[in-house]
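These notes concern the structure reproduced below.
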Amino acid sequence: AALRGALAVVRERPADLPLIVNTTLGGDLVDRLPRLLTLVQRVSPAAWHVTFPFPVGAAEAAYARVAPALARVARAVPPLLSAAAERGVAVRFSYFPACAIAYRTDLSNDVSEPAHAEGYTVDTGLNPEHRRCLTFQRGFGAPCAACALRNRQCFGVPQAYLRAFGDRDLQPITGKDHARLLRVSESR
């Protein structure tokens with residue numbers, strides 16, 4: 001109800017004011033993605049950014065309760081992308097390994113924002129709950145050693161995810177698969 005109210009206010013903005021909706025994909029939201037897409041579609045944003053949760057401070061201790069397992073995400077994302085395309089909503093992802101977003105690395109902010117490749121700073125003035133300056137690396141995760149996308153189009157997942165869930169849901173691809181995926185990406 002609170003989100004619907006906020007979106008109603010946003011709808012009153014000038015038509016030429018772009019909007020980006022950012023959703024942090026907690027474990028309880030995976031199954032709600034189609035409903036969230038419906039809400040996002042109503043405000044005609046410039047983009048819908050979906051971010052995989054990464055731990056800050058004490059959140060790491062509860063990471064398994066916060067983050068969804070990648071196998072669930074990988075099942076939910078392909079139909080979401082199809083539905084979003086049909087509705088004219090551009091979806092982009094941050095901190096997701098390529099295998100969790102159907103290898104659509106063209107939709108990865110991690111790959112497409114090289115300005116962030118060396119990390120960025122959280123302003124403690126804007127985030128008073130942080131007592132010190134924090135710097136995060138875009139390539140902060142642990143990609144599959146055997147994956148053909150390693151460090152070029154996939155930066156892996158947070159170490160806290162690996163500690164909580166292990167790497168069983170990561171699906172490395174081979175060089176042959178990589179060539180096929182590049183052909184599919186170029187055809188788009």
**Prompt:** Take atom CZ in Arg65; do more than 12 heavy atoms of anything else shown fall under 6.0 Å from it?
**Reply:** no
**Sidechain-backbone polar pair: Tyr63 side chain, Phe165 backbone, donor-acceptor under 3.5 Å** = no
**Asked** Do the side chains of Leu25 and Phe96 get nearer than 4.5 Å, heavy atoms only?
**Response** yes
**Request:** Treat each ILVMFWY residue as a node, draw an edge where side-chain heavy atoms are under 4.5 Å apart, and state whether Leu107 and Leu37 are in one component.
**Result:** yes
**Complete:** In short, Leu70 meets Tyr161 closest at the heavy-atom pair N-OH, 2.8 Å
**Asked** Looking at side-chain heavy atoms only, is the closest gap between Ile20 and Trp48 below 4.5 Å?
**Response** no
**Fill in**
Value for CG (Leu33) from OG1 (Thr23), rounded to nearest 0.5 Å, stands at 8.0 Å
**Prompt:** Is there a chain of hydrophobic side chains (I, L, V, M, F, W, Y, each step under 4.5 Å between heavy atoms) that links Val30 to Val66?
**Reply:** no
**Asked** Donor-acceptor pair, Tyr103 side chain versus Ile173 backbone, under 3.5 Å?
**Response** no
**Asked** Are any of the side-chain heavy atoms of Tyr95 and Asn109 separated by less than 4.5 Å?
**Response** no
**Message:** Could you work out, with salt bridge (Lys or Arg N to Asp or Glu O under 4.0 Å) as the rule, every residue matching Arg75, not counting sequence neighbours?
**Reply:** none
**Request:** Provide the closest heavy-atom pair for Val157 versus Leu162 in the form atom of the first, atom of the second, distance.
**Result:** CG2-CD2, 3.7 Å
**Prompt:** Would you say Thr38's side chain and Pro34's backbone share a donor-acceptor pair under 3.5 angstrom?
**Reply:** yes
**Item:** Residue list, salt bridge (Lys or Arg N to Asp or Glu O under 4.0 Å) with Arg72, at least two apart or on another chain
**Value:** Asp31
**Message:** Quick one, Pro53 and Pro68 - any side-chain contact, counting heavy atoms below 4.5 Å?
**Reply:** yes
**Asked** Do you know which two heavy atoms are closest between Cys99 and Asp169, and how far apart they sit?
**Response** SG-O, 4.4 Å
**Request:** List the atom of Arg92, the atom of Ser108, and the distance in Å for their closest heavy-atom pair.
**Result:** NH2-O, 3.5 Å
**Message:** Within the structure provided, determine whether Val73 and Phe52 are in side-chain contact (heavy-atom separation under 4.5 Å).
**Reply:** yes
**Request:** For Ala85, check side chain to side chain contact (heavy atoms under 4.5 Å, CB included) against everything at least two apart and list the hits.
**Result:** none
**Complete:** Scanning both residues in full, the closest heavy-atom pair of Ala164 with Ala64 reads CB-CB, 3.9 Å
